[in-house]
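Some notes on the structure that comes next.
In this chain, numbering begins with 1 at the start of the sequence shown.
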Amino acid sequence: MQMIPCLDLADAEAIVSSALQAAERSASQVSIAVVDGAGLLIRFSRVDGASAASVEAATAKARTSALTGNDSAAAEQAIASGRLALLSLQGVLHQPCALMAGGLVLRSQGVVVGAIGVSGMTPDQDTAIARAGVDCFALRAQDCSS
């Protein structure tokens, strides 16, 4: 039997906390979602003043990354370069997806264990805030494997 790594609530809380700190440093009004490998929500936070649209978008970005195993910006870039079939992804998955920057994959031991999605600012700002969460998780995963 194979043992598959997975995110737990403590991981998700640490990821969101790091992302919130990054958002605070840049005075960004965002929503932050962490999902498991199946795209199901584990932890969510919305900064005061973040738009209502950012709530759904952050979760959809995270879900897209977890289910595709790629950062959500990769889908956006593929569509921009002519791979229009990706526009059907939401229908295929039967779940809201967001094919735009701000969703980053979380991996442990080479396995996709989830993703973080951030929405509310520019694509670069959303991605930078999400990166803070990914970096936190990488440190936690490294500590667990040592």
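- Of the possible polar contacts, none joining the Ser108 side chain to the Pro5 backbone as a donor-acceptor pair under 3.5 Å is found.
- Remark: side-chain polar atoms of Arg46 are paired, donor with acceptor, to backbone N or O of Ala50 under 3.5 angstrom.
- Salt-bridge check for Lys61 with Asp126: passed, with a basic side-chain N closer than 4.0 Å to an acidic carboxylate O.
- Going from atom CG of Leu99 over to atom CD1 of Ile79 covers 4.5 Å, rounded to the nearest 0.5 Å.
- Of the inter-residue distances, the one linking Thr59 atom OG1 with Leu41 atom CG reads 5.5 Å to the nearest 0.5 angstrom.
- Looking at every heavy atom in both residues, Ala132 comes nearest to Ala22 through CB-CB, 3.7 Å.
- Put simply, Val55 and Val34 are part of two different groups of oily side chains (I, L, V, M, F, W, Y) that touch within less than 4.5 Å, one to the next.
- Val134 and Val112 fall into different hydrophobic clusters, where Ile, Leu, Val, Met, Phe, Trp and Tyr are joined by side-chain heavy atoms under 4.5 Å apart, directly or via other members.
- Among all heavy-atom pairs drawn from Ala14 and Cys136, the shortest one is O-SG, 3.5 Å.
- Val35 and Leu104 fall into different hydrophobic clusters, where Ile, Leu, Val, Met, Phe, Trp and Tyr are joined by side-chain heavy atoms under 4.5 Å apart, directly or via other members.
- Between Ala62 and Ile116, the closest heavy-atom pair is CB-C, 3.7 Å.
- Side-chain N/O atoms of Thr122 and Gln125 include a donor and acceptor closer than 3.5 Å.
- Both Ile15 and Leu9 are assigned to one and the same hydrophobic cluster, defined by single-linkage of ILVMFWY side chains at heavy-atom distances under 4.5 Å.
- Using modelled atom types, no side-chain atom of Asp71 and backbone atom of Ala101 make a donor-acceptor pair closer than 3.5 Å.
- Panel note: side chain Ser28, backbone Val30; no donor-acceptor pair is recorded below 3.5 Å.
- Considering Ser18, Ser119, Ser26 in turn, Ser26 is the only one that fulfils the side chain to side chain contact (heavy atoms under 4.5 Å, CB included) rule with Ile129.
- Ser31 and Ser54 are linked by a side-chain donor-acceptor pair at a separation below 3.5 angstrom, with hydrogens and angles left out of the test.
- At least one donor-acceptor pair closer than 3.5 Å links the side chain of Ser65 to the backbone N or O of Ser72.
- Here the closest non-hydrogen pair linking Arg43 and Ser45 is NH1-CB, 4.2 Å.
- To the nearest 0.5 angstrom, Asp11 atom CG is 5.5 Å from Phe137 atom CZ.
- Using a 4.5 Å cut-off between side-chain heavy atoms of Ile, Leu, Val, Met, Phe, Trp and Tyr, with links allowed through other members, Ile42 and Val118 fall into the same hydrophobic cluster.
- To the nearest 0.5 Å, the span separating CD on Glu76 from OG1 on Thr64 amounts to 11.0 Å.
- Counted within 6.0 Å of CD on Glu13, heavy atoms from surrounding residues, nucleotides or ligands total more than 12; the atom is thus considered enclosed.
- Remark: the backbone N or O of Leu40 is paired with a side-chain donor or acceptor of Asp36 at under 3.5 angstrom.
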